[in-house]
**Q** 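I'd like to ask you about the structure that follows.
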Amino acid sequence: MYNVFETDYLVIGTGIAGLTFALKAAEKGSVTLLSKDALIETNTNLAQGGIAAVSTRSDTPEKHFKDTISAGRGLSDPNVVKAVVSEGPRLINELINWGVSFDKNPDGTFNLAREGGHSESRIFHYKDKTGAEVQRALISRIKQHPKIKVLENTFAIDLITQHHLGEEVNRRKKNIECYGAYALDIKTSHIFHILSKVTMLATGGIGNLYLATTNPPIATGDGIAMVYRAKGFVENMEFVQFHPTSLYNPSERPSFLITEAMRGHGAILKTKDGQEFMHQYDPLGSMAPRDIVARAIDHEMKKSGDDFVYLHAEHLDAQSIRDYFPNIYNKCQSLNIDITSQPIPVVPAAHYICGGIKVDINGCTNISRLYAAGECASTGLHGANRLASNSLVEALVFADHASIHAALHIEDFRIRNEVPFWNEHGVTNPREKIFISQNMREIQQLMTNYVGIVRSDGRLERALNRMHIIYEETEYFYKKSKLSQKICELRNMINVGYLIIKAAQSRKESIGLHYNVNYPEKQKNEN
Ligand code: FAD
Ligand code: SIN
């Protein structure tokens, strides 16, 4: 049995980027939409705070532009920032037309939240479960669409390029083309290929490279690793964002997020012995940008030896806490913490990758016929640090641009039927799989201890040496073994870990999310 799918558009990923691209692409051709788990298992589904977009008289695109550039420490691409802040409001309207609800005030205006680094309240949200609401509405449209075929529990293994046809591939000559992807049916272990005119990667983040993460298990950096192996460009991987406030509950994975909107609502960070500390680090206190807050918490925890700090919301109106943050209220209540009368223990956790697959303003990668959008893409928006709630809006804008660009070019591409079947000759089922989980654990430990919030040249060197050993061992097993989702994910995590370490080593400064003790951060008044 070996089936081959043919489709105009292959879309890998069912978060906000993949779903919105699929809906737009389906107006022009057939779409096959892949998810390695159930449709709903995405980072998008867990998004709490909301989507940043200008909508009030007191706010302007220029203010949103300034906040984004400032959070990104000047490394963002100004043209991309301009595009995102000016097009975000139109795409929020499109979501509303597609059936997404956002909270409103009694007078009918939108209830806009504020988060760290934003000079205005501009976050559209649905209580503290915005992502789930977006995903609900989009999935319901996707399921009704006659031109979209959904394949759940289907794992994209590798992109198909000329390499698989025995033709020459040369990144410098810019001649690489993507003809689809090899995929694994997770339930049957059957490997097949999907041939497409255009492929969109919307595979999300990398949080599972770290011991503590807010990301669900799907976030293993697969799209970034696939592009790297296909000789595509990947950039800015040193900028891994740690969310300052995940719920301290060591036995839980992923870590439950305590939205930044709670600090926007007035909650305050304090040490375990009750000292407010954020004003020692930034005049904005608990509302400082994320890189500063996460590093400050890390520093305070190392100084005191405590396992967490506290987020205090007890001084706020109890009813408003229950109304705006029902998800967090109920979660903490289930752990016997009443957040209207008790502080919440919080710690930083790996949350978001600012870098990824390099794309231009149309979402085009350097591989022809291949696009990327959402968290796996590096668009130039975030620079050295992402501004809160700028990720969902970025995904909307780049999925939109990519759908327009792809529609203009799709008729130039033909399906390459001569792609060979996946070669499983000589592989066997591995007798033991313990090395896979053990190597994953080792990666999480070394990334957390050596490539985390605070780095040094020595730590990065050690991380690279360890990663090399894990790489050699895994490649040996990969070549001999019948493929499984786990071994493919392990291989992807090794590729992504390597890219993060190498990017961190080559940046000889501390800036934004990349903090290396060997290169002290420049003060604001230094050149
Ligand atoms: P995802 O939503 O992560 O979807 C990835 C998809 O790719 C999944 O369907 C997965 O199955 C699929 N996939 C991956 N690899 C493969 C493979 N090999 N084969 C097949 N399928 C594959 N951002 C904001 O702007 N505002 C917020 O309020 C906010 N809150 C957040 C809260 C949490 C807890 C987290 C974790 C993130 C939050 N973020 C927020 C970030 C934001 O949610 C994500 O960056 C965004 O949702 C990513 O969307 P995406 O479409 O790129 O990928
Ligand atoms: C949050 O709600 O704090 C997460 C927002 C984000 O990651 O953009």
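Ligands are counted one by one from 1 in listed order, and the atoms in each one are counted from 1 as well.
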**Q** Report yes if Asn215 has an N/O atom closer than 3.5 Å to an N/O atom of ligand 1; otherwise report no.
**A**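 No.
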**Q** How are the rings of Tyr281 and Phe277 set relative to one another: parallel (under 30°), tilted (30 to 60°) or perpendicular (over 60°)?
**A**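 Tyr281 and Phe277: perpendicular rings.
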**Q** Using a heavy-atom cut-off of under 4.0 Å, does the side chain or the backbone of Asn43 touch ligand 1, or both, or neither?
**A**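 Near ligand 1, Asn43 shows its backbone as well as its side chain.
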**Q** Does Leu257 have a heavy atom less than 4.0 Å from any atom of ligand 2?
**A**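 Within the 4.0 Å threshold, so yes.
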**Q** Under a 4.0 Å heavy-atom limit, does Arg386 contact ligand 1 with its side chain, its backbone, both, or neither?
**A**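 Just the side chain.
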**Q** Quick test of your reading of the structure: of Glu394, Glu41, Glu375, whose heavy atom lies closest to atom 48 (C) of ligand 1?
**A**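 Nearest heavy atom to atom 48 (C) of ligand 1 lies in Glu375.
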**Q** Is there any N or O on Pro216 that sits under 3.5 Å from an N or O of ligand 1?
**A**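 So ligand 1 has no N or O lying under 3.5 Å from an N or O of Pro216.
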**Q** So is Lys104 actually on top of Phe110's ring, under 6.0 Å and inside 45° of the axis?
**A**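 Judged by the rule (NZ or CZ under 6.0 Å from the ring centre, within 45° of its axis), Lys104 counts as positioned above Phe110.
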**Q** Going by the order shown, which atoms of ligand 1 are within less than 4.0 Å of some heavy atom of Ala202?
**A**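 Those of ligand 1 that fall under 4.0 Å from Ala202 are 5 (C), 6 (C), 7 (O).
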**Q** Centre-to-centre under 6.0 Å for Tyr126 and Phe102, is that the case here?
**A**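 No, the ring of Tyr126 stays outside the 6.0 Å limit from the ring of Phe102, centre to centre.
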**Q** May I ask you to list the atoms of ligand 2 that are less than 4.0 angstrom from any heavy atom of Glu260?
**A**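 Atoms satisfying the 4.0 Å criterion: 1 (C), 2 (O), 3 (O).
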**Q** For Gly205 and ligand 1, does the shortest N/O to N/O distance drop below 3.5 Å?
**A**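 N/O-N/O distance under 3.5 Å: no.
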**Q** Is the distance from the ring center of His243 to that of Tyr352 below 6.0 Å?
**A**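 So the answer is no for these two rings.
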**Q** Please report the C-alpha distance between Arg386 and Arg290 in whole Å, then the side-chain angles of each, then the deciding distance to 0.1 Å, and finally whether the side chain to side chain contact (heavy atoms under 4.5 Å, CB included) criterion is met.
**A** CA-CA 8 Å; Arg386 177 178 66 104; Arg290 260 180 213 177; 3.0 Å; yes
**Q** Answer yes or no: is there an ion pair linking Arg90 with Asp400, defined by an N-O contact shorter than 4.0 Å?
**A**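 Result for this pair is yes, salt bridge flagged.
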**Q** Which atoms of ligand 1 are found less than 4.0 Å from any heavy atom of Ile12?
**A**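 Counting atoms of ligand 1 from 1, those under 4.0 Å from Ile12 are 19 (N), 20 (C), 21 (N).
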**Q** Can you classify the ring geometry of Tyr498 versus Tyr228 as parallel (below 30°), tilted (30 to 60°) or perpendicular (above 60°)?
**A**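 It falls in the tilted class, 30° to 60°.
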**Q** Does only the side chain of Leu392 get under 4.0 Å from ligand 2, or the backbone, or both, or neither? Count heavy atoms.
**A**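 Neither part.
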**Q** In ligand 2, which numbered atoms sit nearer than 4.0 Å to a non-hydrogen atom of Ala388?
**A**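 Close to Ala388: 8 (O).
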**Q** For ligand 1, which atoms have a heavy atom of Ala156 less than 4.0 angstrom away?
**A**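 Under 4.0 Å from Ala156, ligand 1 has these atoms: 17 (C), 18 (N), 19 (N), 20 (C).
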**Q** Whether Asp323 and Lys127 form a salt bridge (side-chain N of Lys/Arg under 4.0 Å from carboxylate O of Asp/Glu) is what I want to check.
**A**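 Salt bridge absent between Lys127 and Asp323.
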**Q** Heavy atoms only: which of Leu19, Thr203, Asn390 lies closest to atom 14 (C) of ligand 1?
**A**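 It is Thr203 whose heavy atom sits nearest to atom 14 (C) of ligand 1.
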**Q** Can Ile51 be said to touch ligand 1, with heavy atoms closer than 4.0 Å?
**A**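 So Ile51 does not count as touching ligand 1.
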**Q** In sequence, state the C-alpha distance, the side-chain angles, and the governing distance for His193 and Phe5, and then conclude on ring pair (Phe, Tyr, Trp, His ring centres under 6.0 Å).
**A** CA-CA 6 Å; His193 54 247; Phe5 281 86; over 10 Å; no
**Q** Checking contacts here: is it the side chain or the backbone of Leu257 that comes within 4.0 Å of ligand 1, counting heavy atoms only? Could be both or neither.
**A**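 Contact part for Leu257 vs ligand 1: side chain (C-beta onward).
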**Q** Kindly confirm or rule out an N or O of Thr14 lying under 3.5 angstrom from an N or O of ligand 1.
**A**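 Right, the criterion is met.
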**Q** So is there a nitrogen or oxygen of Lys36 less than 3.5 Å from a nitrogen or oxygen in ligand 1?
**A**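 By distance alone, the answer is yes.
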**Q** For Ala17, take its heavy atoms, then give the atoms of ligand 1 lying under 4.0 Å from any of them.
**A**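 Result: 51 (O).
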**Q** Would you mind checking which non-hydrogen protein atom is closest to atom 35 (C) of ligand 1, with the distance to 0.1 Å?
**A**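 Answer for atom 35 (C) of ligand 1: His351 CE1, 3.4 Å.
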**Q** Going through the checks in order, is the ring pair (Phe, Tyr, Trp, His ring centres under 6.0 Å) test met by Tyr210 and Phe242?
**A** CA-CA 10 Å; Tyr210 289 86; Phe242 287 77; 5.3 Å; yes
**Q** Salt bridge check, Glu120 against Arg114: does any charged N sit closer than 4.0 Å to a carboxylate O?
**A**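 Salt bridge: no.
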**Q** Checking the N or O distance criterion of under 3.5 Å, is ligand 1 in contact with Leu392?
**A**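 In this structure, Leu392 places an N or O atom under 3.5 Å from an N or O of ligand 1.
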**Q** So which protein heavy atom does atom 8 (O) of ligand 2 come closest to, and at what separation?
**A**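 I find the closest protein heavy atom is Ser389 N, 2.6 Å.
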**Q** Identify the closest protein heavy atom to atom 29 (C) of ligand 1: which residue and atom is it, and at what distance?
**A**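 Scanning the protein heavy atoms, the shortest distance from atom 29 (C) of ligand 1 goes to Ala47 CB, 3.5 Å.
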**Q** Can an N or O of Met226 be found at a distance shorter than 3.5 Å from an N or O of ligand 1?
**A**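 No; every N/O pair is 3.5 Å or more apart.
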**Q** Measure from atom 15 (N) of ligand 1 to every heavy atom in Ile16, Leu201, Asp222, Leu34 and give the option owning the shortest one.
**A**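 Among Ile16, Leu201, Asp222, Leu34, the closest heavy atom to atom 15 (N) of ligand 1 comes from Asp222.
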**Q** Considering the heavy atoms of Tyr352, write down every atom of ligand 1 situated less than 4.0 Å from one of them.
**A**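 Atoms satisfying the 4.0 Å criterion: 45 (O).
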**Q** Answer yes or no: does an N/O atom from Phe155 fall short of 3.5 Å to an N/O atom of ligand 1?
**A**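 Between Phe155 and ligand 1 (N or O atoms, distance only) the closest approach is not under 3.5 Å.
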**Q** Looking at non-hydrogen atoms alone, which of His351, Arg290, Arg386 comes nearest to atom 5 (C) of ligand 2?
**A**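 Selected option, by shortest heavy-atom distance: Arg290.
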**Q** By number and element, which atoms of ligand 2 are closer than 4.0 Å to a non-hydrogen atom of Glu115?
**A**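 Those atoms are 1 (C), 2 (O), 3 (O), 5 (C).
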**Q** Taking heavy atoms and a distance under 4.0 Å, where does Thr259 meet ligand 1: side chain, backbone, both or neither?
**A**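 Neither part.
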**Q** Once rounded to the nearest 0.5 Å, what's the spacing between atom OG1 of Thr203 and atom CG of Asn43?
**A**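 If we round to the nearest 0.5 Å, Thr203:OG1 and Asn43:CG are 10.5 Å apart.
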**Q** Centroid separation under 6.0 Å, is that true for the rings of His265 and Tyr324?
**A**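 So the answer is yes for these two rings.
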**Q** Where is the nearest protein heavy atom to atom 12 (C) of ligand 1: which residue, which atom, and how far?
**A**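 The closest one turns out to be Gly13 CA, 3.6 Å.
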**Q** Say whether Gln48, considering both its backbone and side-chain N or O atoms, lies within less than 3.5 Å of an N or O atom on ligand 2.
**A**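 Between Gln48 and ligand 2, no N or O pair is found under 3.5 Å apart.
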**Q** For ligand 1, which atoms have a heavy atom of Thr154 less than 4.0 angstrom away?
**A**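 The atoms of ligand 1 under 4.0 Å from a heavy atom of Thr154 are 19 (N), 20 (C).
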**Q** Considering only heavy atoms, does Gln48 approach ligand 1 within less than 4.0 Å through its side chain, its backbone, both, or neither?
**A**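 The backbone, only.
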**Q** Suppose we measure from atom 41 (C) of ligand 1 to each protein heavy atom; which comes out shortest, and what is that distance?
**A**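 Its nearest protein heavy-atom neighbour is Ser391 OG, 3.9 Å.
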**Q** Starting at OG of Ser189, measure out to CZ of Phe155 and round the result to the nearest 0.5 Å.
**A**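 The CZ atom of Phe155 is 12.5 Å from OG of Ser189, to the nearest 0.5 Å.
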**Q** Got the closest protein heavy atom to atom 10 (C) of ligand 1, with its distance?
**A**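 It is Ile218 CD1, 3.9 Å.
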**Q** By number and element, which atoms of ligand 2 are closer than 4.0 Å to a non-hydrogen atom of Gly49?
**A**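 The list of qualifying atoms is 2 (O).
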**Q** Quick one: look up the protein heavy atom nearest atom 1 (C) of ligand 2 and list residue, atom name and how far away it is.
**A**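 Nearest protein contact, heavy atoms only, for atom 1 (C) of ligand 2 is Thr259 OG1, 3.3 Å.
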**Q** Using distance alone, determine whether Gly50 and ligand 1 share an N or O pair under 3.5 Å.
**A**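 In this structure, Gly50 places an N or O atom under 3.5 Å from an N or O of ligand 1.
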**Q** Taking only heavy atoms of Gly374, which atoms of ligand 1 are found under 4.0 Å from at least one of them?
**A**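 Close to Gly374: 52 (O).
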**Q** By ring-ring contact (aromatic ring centres under 6.0 Å, His included), which residues pair with Phe308, not counting sequence neighbours?
**A**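 For Phe308 the ring-ring contact (aromatic ring centres under 6.0 Å, His included) partners, ignoring immediate neighbours, are Tyr248, Tyr310.
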**Q** Would you call Glu87-Lys82 a salt bridge at under 4.0 Å N-O?
**A**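 No, Glu87 and Lys82 are not salt-bridged.
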**Q** Among Arg229, Arg491, Lys36, exactly one meets salt bridge (charged side-chain N to carboxylate O under 4.0 Å, His left out) together with Asp222. Which residue is that?
**A**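 Result: among Arg229, Arg491, Lys36, Lys36 is the only option passing the salt bridge (charged side-chain N to carboxylate O under 4.0 Å, His left out) with Asp222.
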**Q** Please identify which atoms of ligand 1 are closer than 4.0 Å to at least one heavy atom of Gly49.
**A**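 The list of qualifying atoms is 28 (O).
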